[in-house]
There are 2 protein chains.
Amino acid sequence: MSTTQPGPVRMTRQRVAVADALQGVDEFRSAQQLHEVLRSRGDAVGLATVYRTLQALVDGGDVDVLRTDDGESLYRWCVRREHHHHLVCRECGRTVEIDGPTVEAWAAMVGTEHGFSEIVHTVELWGTCRDCRGA
Amino acid sequence: MSTTQPGPVRMTRQRVAVADALQGVDEFRSAQQLHEVLRSRGDAVGLATVYRTLQALVDGGDVDVLRTDDGESLYRWCVRREHHHHLVCRECGRTVEIDGPTVEAWAAMVGTEHGFSEIVHTVELWGTCRDCRGA
DNA sequence: GTTTGTGCAAATATTTTGCACTTGA
DNA sequence: TCAAGTGCAAAATATTTGCACAAAC
């Protein structure tokens with residue numbers, strides 16, 4: 001059996017552009033939004049490349065993903081790489097990174113209590129932020 | 001302003017079939033799976049109708065939905081109609097209904113603490129159940 | 001007999017992939 | 001150089017919708 005060799009990762013204009021569009025923004029953004037932002041910024045990147053780059057960033061642990069109720073994936077370059085959750089504004093995507101020590105323990109306990117192994121939990125909080133409330 | 005009148009709900013063979021395929025099963029099932037089950041059971045129902053019926057059941061509060069990591073919706077006729085969460089087997093869909101009183105309070109608190117309103121939280125636990133572990 | 005419901009096919013929407021062409025190292 | 005990356009268009013997925021026909025009540 002042979003494992004696929006990692007292979008060097010090239011620093012391309014597109015990858016820099018996508019990473020740059022995510023960094024410094026504290027909102028979750030969809031691939032389509034990022035694609036549009038880059039286009040209007042005059043630094044166009046193919047949509048497929050945006051998706052491919054985002055996936056790589058997620059795999060590398062630099063970016064977090066979550067899915068909206070209607071199945072769209074949203075991406076965000078989170079400050080902390082450790083496990084955490086999000087409080088996301090349903091209007092603008094603004095996000096606050098949070099952690100819930102109690103929740104972690106509870107999830108693990110409930111899981112094993114029922115004979116389940118390899119427990120993974122998804123905890124996301126959605127709300128309307130102060131700024132969007134007025135709108 | 002006029003609200004759309006509810007209109008009577010007709011009890012059709014299809015609706016009975018879909019409801020029946022979900023009741024008595026303690027697993028989350030996809031629309032496609034249900035469609036197939038009904039077909040092989042000799043009680044075929046159009047896929048579009050399966051989707052429409054499931055949506056109606058969800059709206060009526062009889063059925064719970066959740067989305068897998070790869071964006072597929074899973075449906076389950078839950079025992080309790082009140083708010084609760086799920087511990088789902090990622091292999092077979094078997095589910096245990098759970099509640100986390102602590103989580104509820106925590107979610108609400110964290111939300112308002114950051115100035116967000118209309119907080120909604122999604123908490124789902126995924127694991128591998130005892131029976132699927134052997135496989 | 002109406003009006004609601006169904007089936008099918010076509011339309012949506014998001015994301016993925018094949019392939020010829022570019023480009024970074 | 002030349003493997004890795006990109007763009008575009010086509011494919012794949014899951015779900016929704018328009019419309020003619022069927023069937024509850």
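Lettering follows sequence order; numbering is per chain, from 1.
We find that CD of A/Glu72 is positioned 16 Å from C1' of D/dT13, with the value rounded to whole Å. Atom-to-atom, CG of A/Leu66 to C1' of C/dT14 comes out at 16 Å; the value is rounded to the nearest Å.
The aromatic ring centres of B/Tyr51 and B/His35 sit 6.0 Å or more apart. Close placement of the B/His83 and B/His121 rings is indicated, their centers lying within 6.0 Å of each other.
Enclosure of atom CE in B/Met109 by more than 12 non-hydrogen atoms of other residues, nucleotides or ligands within 6.0 angstrom is indicated.
Between A/Asp64 and A/Arg80 no salt bridge is recorded (no basic side-chain N to carboxylate O distance below 4.0 Å). Look at B/Asp131 and B/Arg94 and you find a salt bridge, because one of the NZ, NE, NH1 or NH2 atoms lies within 4.0 Å of a carboxylate O, short of that distance. A salt bridge links A/Glu97 with A/Arg76; the closest basic N to acidic carboxylate O contact falls under 4.0 Å. Note on A/Arg90 versus A/Asp69: no salt bridge recorded, every NZ/NE/NH1/NH2 to OD/OE distance being 4.0 Å or above.
The side chain of B/Ser73 contributes an N or O atom lying less than 4.0 Å from OP1 or OP2 of D/dT15.
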Give each protein N/O atom lying under 3.5 Å from an N/O atom of nucleotides 19-25 of chain C, with the pair distance.
| from | atom 1 | to | atom 2 | distance (Å) |
| --- | --- | --- | --- | --- |
| C/dG24 | N2 | A/Arg10 | NH1 | 3.4 |
| C/dG24 | N2 | A/Arg10 | NH2 | 3.0 |
| C/dA25 | OP1 | A/Met11 | N | 3.3 |

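Comparing B/Asp70 and A/Arg15 against DNA chain D, the residue whose closest nucleotide sits nearer the 5' end is A/Arg15.
Contacts between residues 30-51 of chain B and DNA chain C, defined by a heavy-atom separation under 4.0 Å, are made by B/Val45, B/Gly46, B/Ala48, B/Thr49.
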Could you please spell out the steps behind the side chain to side chain donor-acceptor pair (under 3.5 Å) verdict for B/Arg15 and B/Thr53?
CA-CA 6 Å; B/Arg15 284 178 185 166; B/Thr53 303; 4.7 Å; no

